[in-house]
Amino acid sequence: MQFPNVRFLLSVANQQQFPQDPGREVAFAGRSNAGKSSAINSILQRNGLARTSKTPGRTRLLNFFEIEAGQRIVDLPGYGYATAPPPERKQWTELINSLPRREFFKGLFLIIDIRRGIKVEDGQLIEWALASGWQVHLLLAKCDKLNQRDRSVALKEAQEVLPEGVTVQLFSAHNGIGIEPAQKRLLEMLRS
Ligand code: GDP
């Protein structure tokens, strides 16, 4: 097993609650329903580790998972929730804005539904992550929904619009496409 010691660490609502012990962290982000929880679970080989919660209150939290001592992933709340009440949205914005100052963050895995493509919000997040000095990797998720030809077209289109240095791959939690390369890229970021 690639990640034998994975465990849920904690959920945080503000930056004061972030883990203090030194380490390297990779954040997972994406529009809600893009397939982020499924991607985390299949990359870390644990069913039900990252839970889908459609309750806005719960989804405002950041969830930390430990892969090994000093290696963590951080599940960011899905964006694109137009329904979250303003105070909650403010809290989430503050929390997210505090991330670039966190020296432990090394990279971002951005999960995109391959059928939707890269939207303005995704692009903003990519720019923001690059400006913060993070590595960025895109998963074109749910690629099982497209045939071989359309997958290749979507991959090529993404490669053409992404800024230099950003990597991208096809991914499907349902039929296992791209799990291994995603694990490799994650470890690369955690060890860089
Ligand atoms: P999240 O909101 O981004 O965490 O997304 P989830 O992982 O909860 O997935 C949202 C929906 O997409 C669920 O109904 C999943 O079953 C479905 N889904 C997730 N990954 C895949 C995939 O690789 N292929 C297909 N066909 N559906 C998926």
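Computed from heavy atoms alone, side chains included, the values below leave out hydrogens, waters and symmetry copies. All residue numbers refer to positions in the sequence shown, counting from 1. Remember, it's 1-based here, ligands and their atoms both numbered in the order they're listed.
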Please confirm whether [X] comes within less than 3.5 Å of ligand 1 when only nitrogen or oxygen atoms on both sides are compared.
X	answer
Ser32	no
Phe171	no
Ala39	no

Within 6.0 angstrom of Glu180 CD, more than 12 heavy atoms from elsewhere: no
Side chains of [X] and [Y], heavy atoms from C-beta outward: is any pair under 4.5 Å?
X	Y	value
Val136	Leu162	no
Ile112	Phe171	no
Leu190	Lys106	no

Using distance only, find each side-chain donor-acceptor pair of residues 67-77 under 3.5 Å and give its atom names and separation, not counting sequence neighbours.
residue: Glu68; atom: OE1; partner: Asn5; partner atom: ND2; Å: 3.4
residue: Glu68; atom: OE2; partner: Asn5; partner atom: ND2; Å: 3.2
residue: Arg72; atom: NE; partner: Glu25; partner atom: OE2; Å: 2.7
residue: Arg72; atom: NH1; partner: Asp21; partner atom: O; Å: 3.4
residue: Arg72; atom: NH1; partner: Asp21; partner atom: OD2; Å: 3.4
residue: Arg72; atom: NH2; partner: Asp21; partner atom: O; Å: 2.9
residue: Arg72; atom: NH2; partner: Glu25; partner atom: OE2; Å: 3.0
residue: Asp75; atom: OD1; partner: Lys36; partner atom: NZ; Å: 2.5

Of all the atoms in ligand 1, which lie at a distance below 4.0 Å from a heavy atom belonging to [X]?
X	answer
Asn33	1 (P), 2 (O), 3 (O), 5 (O), 10 (C), 11 (C)
Ala34	3 (O)
Lys36	1 (P), 3 (O), 4 (O), 5 (O), 7 (O)
Ser38	6 (P), 7 (O), 9 (O), 19 (C), 20 (N)

Could I get the full list of ring pair (Phe, Tyr, Trp, His ring centres under 6.0 Å) partners for Phe65, not counting sequence neighbours? Phe8
